[in-house]
Structure formats: structure tokens, C-alpha cells
Amino acid sequence: MNRFILAVTAGLLATGAAQAQVTEDDLANDQSITTQVVTNGMGRHLQRYSPLDTLNKDNVKNLVPAWAFSMGGEKQRGQETQPIVYDGIMYVTGSYSRLYAIDLASGEELWQYDARLPEGILPCCDVINRGAAIYGDKIIFGTLDARLVALDRKTGDVVWRDKIADYKAGYSYTAAPLIVNGLVITGNSGGEFGIVGEVQARDVETGDMVWTRPVIEGHMGTLNGEESTMTGELNATWPGDLWKTGGGATWLGGSYDAETDTLVFGTGNPAPWNSHLRGAGTPSEGNTGDNLYAASRLGIDPATGEIKWHFQTTPREGWDYDGVNEVVAYEDADGNKRFATADRNGFFYVLNREDGAFIDAHPFVKDITWASDIDETGRPIFVEENRPGDPSAAADGGKGEVVFSAPGFLGGKNWMPMAYSQNTGLFYVPSNEWGMDIWNEPVTYKKGAAYLGSGFTIKPMYEDHIGSLKAIDPATGEWKWEFKNEAPLWGGVMTTAGGLVFTGTPEGKFLALDDETGEVLWSFQTGSGIVGQPVTWDMDGEQYVSVVSGWGGAVPLWGGEVAKKVNYLNQGGTVWTFKLPKQLASAN
């Protein structure tokens, strides 16, 4: 449903007034153009760093609410989105596949688009949406029934709509699309249903498919409607026909490194979770059981969809350690071009940006049980006795040996994006300290049904905290400071040249911390848990900060004992926008 709130918008359209157009240059320079936020990640490198320093350590205490926008109705649940800011309008996606256009100055609604979702959608981890993409005069986002929708950004009218995959087979879509050189790039969701992960590229003007790249070995890619090349080699690392339902969902979207002209996408868990069924529990001669290219990072040519390189963070994966977490481009202190990624498996990796080659890795959580270390090639040194047992070896054939593993399957770090500061050279990583009892079970594939072959119980590791925001030196892996939180952290992080680190907690607090010490300098209670992604921009000489508040996501659905710790939290759906008034900018 679309509706106008401000008559002036309709007036401008009626007179054919010229509209600003988002260009490739706008996307490429998003970090440095401080009056806008037109990419997810505040730059396609995903640094989530702003050069704005009007708001700083001395005056952040003067940050005050400018307006709050309610997403309204009963459709709340988790709000994991990042706002887009352009030409006086903020665009925000909401749970249940909604998109709002909001007047940036007043907080008033301009229009709303509500996708009409069919019965029977199969989202794994709440009915969330992580954001939109903007280009030309279009705002584009994905829906839970695995569709992509392009809207006129001034009216909310549908320009084109296309199907990513079949939702009845377990596919969905929750990530923010990525736009590069006139192509809108998407992944897919549904790794718990035996789907096949894929990256797709469409013409942003028409929605026409340009190329597809499945990310599991044995599947064929396409280019301009014709078969291109097979991904990997058939049965090289997969036994039998399991590659056909191999998982590897590309559910968090990707980044773009302009200097090497490379898309970087992460891939999720192989399917099923039971690694013994996939030959990964006890690899056979001639088959490593690595199950490529699941639990990996892939470098992809944006023009053709061909895979340039891959790095697998968890070969022989058996704990649901998805490899989707964001890959952030940066330069180290010596000027080397590097990628950094904090994996669900508990290790922080540094890779070479030219070819994805392994540079180094360090633990970023306190307890890791599944591997003792990462070797010089980047491959984990497995602790085999801490792999969930083979059900076929059990006396009753129904349940394999139960083991305790850490991190838990929700990861040392899950989807919630970290940030890099050009101010300090540090990464600020939202992590969680938890483990799990996990076991394997027999399972067979059935279209649209869960395809796990595992059971689990999440457990906290420490009495005083689960959540842990860490400032990490990528050169050494040293933790410069740690901010502990009783409940799990599930929201994004942002840094600024003003020396600030912004993030939110499930308890509803929106925080600004000192980037050098971790001291909390400012806090605001938003009324619901924060699992969204903060942004900042400049308007009329004043610096603004926004975050969406609304508790939900995977923790209350999958968290077991951990979820009980926060089951008192209220759902919500509010866009909170703050500003530093001009007259208080210099006040200490």
C-alpha cells in the first residue's frame, strides 16, 4: 500500500520537477560525502566509518533526540535495518518486508510500501530485513518470499519486481542489495532448508538478469541467459548427490572492493548440518570433505559472475559456523591492502585484497573448543573429539555423541556488522561469549522442510556477560578494550572521526563509547532492544545520528537458555534520530 502524507511531494511530481539521481560516483564516494548515506555499510567497503567530527568525545553528551518515527501497527519483531539517507529523505525497511520514506527534517512519513507476503514463507531467523539499496530514481529491497522489488523513490510505486528463488523450497531474502556499475547484486537465504546458495546480478534499470553464480560445486552459472561455467568441480569435495542440496546460502549480502574490482560474498553452512553425512566427519581417500564453497568467502568478477578466488574459513564444517560475515576492505599501517572478517567460528581473519590469500588469524572470543589454532595456510587445526558424533555409529542409530562446543552455533559473531576506524586503525567487533551442547541425527532431504540433522542447546559461558564489544588491532589480534553486556549483542557498530563508537544493546540502550578506551560517554534508552545498524550524516551544519530500535532476530527464536535471560524485553519498531544542535557543538 502506498500513501502520500506531504502534499508538497505530489506537487513536485505533478510539475515534473527535476529529481536528484543517485550515481555510481555517489555510491563510490559515499564515505566522504557526509550529507548522505547511500550504501549499506556507509561505503561499499563496509567500514561503517564517518569522517564527521562535529560530534566528538567532548560534546556527545549534548546529543538530543530530533524526532522519532513509529513503524506502526502490529508488525514489529526484529528491526535489523540500516537507514538510507538521500536528498532530504530517509528510507528504512521494516520487519515483514516493509519500506518507509520519511522526511529527513520532520520525521513525517512520505509513503509506505508493504509487500503482500504469501502464506507459507519460511524465514529461518525472524521476519527481519537489513536494508535497501538506492540508485538513480529507484529504491530497491528484497522480501521474505525471495523477491526483489524496485520502487520509485519519490512515490513508492513499483517500477519492476523479480523472483530471486522459490520460497516454497525454503528460499527467502533478508539482506540489503549491493549496486555496482549499474548492476544490483543479491544473494539468497534459506541455508537450513537444503537450498543452494547463489549470487545474482540484474540490470538496475529493468530488473533483467545479467548473470548468476551458484556457490556450491557442481552447479552451473549463467551469463546473459546462457550457461557459463560450472562452479568448482563436480563431486570434488562432496559425496554423491549431496551437492544438489548443499546449502551455502549467501544470506548477508556482500561488499565491493573498487581497487581490485571484486565483489566479496560470504557463504553459509553446508547442508545438512550433520557433517558425517557430507563426508566431512571422516574424509575418505580422494575427498577432503571440505564441501566447497560453503562456509567460505568468495571473490567474484562483478561483470561476469566468475569466481576469482576463495578462502574457506571452516572446511569440514559441522557446527553451523556460517562464513557469511562481512568482509571489510582497509589498509594496514604499512599501506598493505587487506580484508578483515570476524568469522562465526570465533577467529578474526586478515586476507590479501589482491587474491584473498590468507595473511593471519587470531581468536576474538575467549573460548574456542572445535579447533586449537589456525595453521600457516589458514586451515583450522581441528580438535576431532569436539566434533558432534556420527549417528550411524550410535547403538540405537538415532543420535550421535553429544559434545560441548564453543562458540555456540549462533557464532562468536553473527550477522551484526563490525566497524573499522580510520582514526585508530582498530576494528570494533560485536561478539558473544556462549557455547552449546550439540549432537547429530539422521535426516533426509524434503523440499521446504528443515534439513539440519542436528540438535543443540545454547549455553552462556560466564555469569556476568554474554555480549562483548571488543576493540581489536588487526595486525596483532590484541584486544585494546572490551565492553561487556549481560545480554547478547545483536546490533551493528559505527565509528566516527570524532573518536566515537556507536552501538546498541538488547536492553534498549543506544551508546556512544570512547574509541580509545571503551568508556561509555553517552546513553539513551530507546524503549526496545536495538538490533539495527546506526548511521550518521550532516544536514544544515548539524550532525545527526539514527538507529532503528526493535527487539527480535535469531536470539529469542533459537537462543534457548540465553533467550530466557532477555524474554522480558519488549518488541518495538521506532526510528530514533538524534542531533547535536549548533549552539551545543562547542559546549563541553
Do the side chain of D203 and the main chain of G207 share a donor and acceptor less than 3.5 angstrom apart?
no
Do the side chains of S228 and M220 get nearer than 4.5 Å, heavy atoms only?
no
Within the structure provided, determine whether S172 and Y167 are in side-chain contact (heavy-atom separation under 4.5 Å).
no
Would you call the rings of W319 and F382 parallel, tilted or perpendicular if under 30° counts as parallel and over 60° as perpendicular?
parallel
Sidechain-backbone polar pair: R98 side chain, S95 backbone, donor-acceptor under 3.5 Å:
yes
Counting distance only, does the side-chain N/O of R297 pair as donor-acceptor with the main-chain N or O of G323 below 3.5 Å?
yes
Go through K308 and I300 one step at a time and tell me if the side chain to side chain contact (heavy atoms under 4.5 Å, CB included) criterion holds.
CA-CA 5 Å; K308 295 181 174 185; I300 298 174; over 6 Å; no
Within the 6.0 Å centroid threshold, strictly below: W251 and Y173
no
Take T457 and M436 through the side chain to side chain contact (heavy atoms under 4.5 Å, CB included) test and state the conclusion after the steps.
CA-CA 5 Å; T457 303; M436 64 180 171; over 6 Å; no
Do R130 and T174 pair up side chain to side chain, a donor and an acceptor below 3.5 Å, judged on atom types alone?
yes
Whether the side chain of W370 engages the backbone of N345 through a donor-acceptor N/O pair (distance < 3.5 Å, no angle test) should be reported.
yes
Is the shortest distance from a Lys or Arg side-chain nitrogen in K168 or D166 to a carboxylate oxygen in the other one below 4.0 Å?
no
I need the minimum non-hydrogen distance between S275 and G318, along with the two atoms involved.
CB-CA, 4.0 Å
Between N181, I185, V180, which is the residue that forms a side chain to side chain contact (heavy atoms under 4.5 Å, CB included) with L183?
I185
pair L452-V443: side-chain heavy atoms closer than 4.5 Å:
no
Residue pair H310, Y293: steps toward the ring-ring contact (aromatic ring centres under 6.0 Å, His included) verdict
CA-CA 8 Å; H310 81 276; Y293 292 101; 4.8 Å; yes
Give the minimum heavy-atom separation between S255 and V327, together with the two atoms involved.
OG-O, 3.0 Å
With no hydrogens and no angle check, just 3.5 Å: does a side-chain donor-acceptor pair link T231 and R213?
yes
Would you say the side-chain atoms of W551 pair up with the backbone N or O of P556, donor to acceptor, closer than 3.5 Å?
no
Can any side-chain N or O of N129 pair as donor or acceptor with the backbone N or O of S97 at less than 3.5 Å?
no
Separation of L298 CG from I307 CD1 (nearest 0.5 Å):
5.0 Å
How close do Y349 and T313 get, heavy atom to heavy atom, and via which atoms?
OH-O, 3.4 Å
State whether E354 and K337 are salt-bridged, where the test is any N-O pair (Lys NZ or Arg NE/NH1/NH2 against Asp/Glu carboxylate O) under 4.0 Å.
no
Is a side-chain donor-acceptor pair under 3.5 Å present for Q82 with R48?
yes
Are side-chain heavy atoms of L148 and T186 found at a separation under 4.5 Å?
yes
Does Y445 use its side chain to pair, donor to acceptor, with the backbone of P272 at less than 3.5 Å?
no
Test item: D322 side-chain N/O and T267 main-chain N/O as donor-acceptor pair under 3.5 Å:
no
If I take atom OH from residue Y321 and atom OG1 from residue T314, how far apart are they, to the nearest 0.5 angstrom?
8.0 Å
Is there a side-chain contact between P430 and M418 in this structure, where contact means two heavy atoms from C-beta onward sitting under 4.5 Å apart?
yes
Please lay out, stage by stage, how V429 and K413 fare under the test side chain to side chain contact (heavy atoms under 4.5 Å, CB included).
CA-CA 8 Å; V429 182; K413 176 184 173 301; 3.9 Å; yes
Atom pair OH/CD1 of Y256 and I179 - distance to nearest 0.5 Å:
13.5 Å
Can you tell me if T250 and E198 form a side-chain donor-acceptor pair at under 3.5 Å?
no
Side chains of R338 and L351: does their closest heavy-atom pair fall under 4.5 Å?
no
What pairs with T212 under side chain to side chain donor-acceptor pair (under 3.5 Å), at least two apart in sequence or on another chain?
T222
Looking at every heavy atom in both G378 and F311, which two are closest together, and how far apart are they?
O-CZ, 3.7 Å
Is the count of non-hydrogen atoms from other residues, nucleotides or ligands lying under 6.0 Å from E385 atom CD greater than 12?
yes
Would you call R379 and D290 a salt bridge, using N to O less than 4.0 angstrom?
yes
Decide whether a cation-pi geometry holds between K366 and Y462; the criteria are a distance under 6.0 Å from NZ or CZ to the six-membered ring centre and an angle within 45° of the ring axis.
yes
List the steps and the verdict of ring-ring contact (aromatic ring centres under 6.0 Å, His included) for W439 and F456.
CA-CA 6 Å; W439 59 93; F456 45 82; 7.4 Å; no
Once salt bridge (Lys or Arg N to Asp or Glu O under 4.0 Å) is applied, do any residues pair with E384, and if so which ones, sequence neighbours excluded?
R316, R387
If you count heavy atoms of other groups shown closer than 6.0 angstrom to CD of E331, is the number above 12?
yes
Cut-off 3.5 Å, side chains only: do S454 and E441 have a donor facing an acceptor?
no
Side chain to side chain donor-acceptor pair (under 3.5 Å) pairs touching residues 234-243, sequence neighbours excluded, are E217-T237
Correct closest heavy-atom pair for A406 and D367 would be CB-O, 3.6 Å
Is the backbone of P407 close enough, under 3.5 Å, to the side chain of T369 for a donor and an acceptor to pair up by distance?
no
Do F427 and F364 have ring centroids that are under 6.0 Å from one another?
no
Report the C-alpha separation of V204 and I140 in whole Å, then their side-chain angles, then the decisive distance to 0.1 Å, and conclude whether the side chain to side chain contact (heavy atoms under 4.5 Å, CB included) test is met.
CA-CA 9 Å; V204 73; I140 304 166; 3.5 Å; yes
Quick one, V184 and L178 - any side-chain contact, counting heavy atoms below 4.5 Å?
no
Closest approach of M416 and L489, non-hydrogen atoms and distance?
CE-O, 3.2 Å
For W415 and E326, does a side-chain donor sit closer than 3.5 Å to a side-chain acceptor?
no
May I have the step-by-step check of salt bridge (Lys or Arg N to Asp or Glu O under 4.0 Å) for D320 and R344, ending in yes or no?
CA-CA 9 Å; D320 191 35; R344 198 146 147 175; 2.7 Å; yes
Side-chain donor-acceptor pair present, T262, D257, cut-off under 3.5 Å:
no
Side chains of K470 and S431 only: does a donor on one sit below 3.5 Å from an acceptor on the other?
yes
Side chains of V562 and I466: closer than 4.5 Å at any heavy-atom pair?
yes
Does N414 use its side chain to pair, donor to acceptor, with the backbone of L410 at less than 3.5 Å?
yes
Less than 3.5 Å apart, any donor N or O on the side chain of E192 or W273 sitting next to an acceptor on the other?
yes
Quick one: sort the W309 and F339 rings into parallel, tilted or perpendicular, breaks at 30° and 60°.
tilted
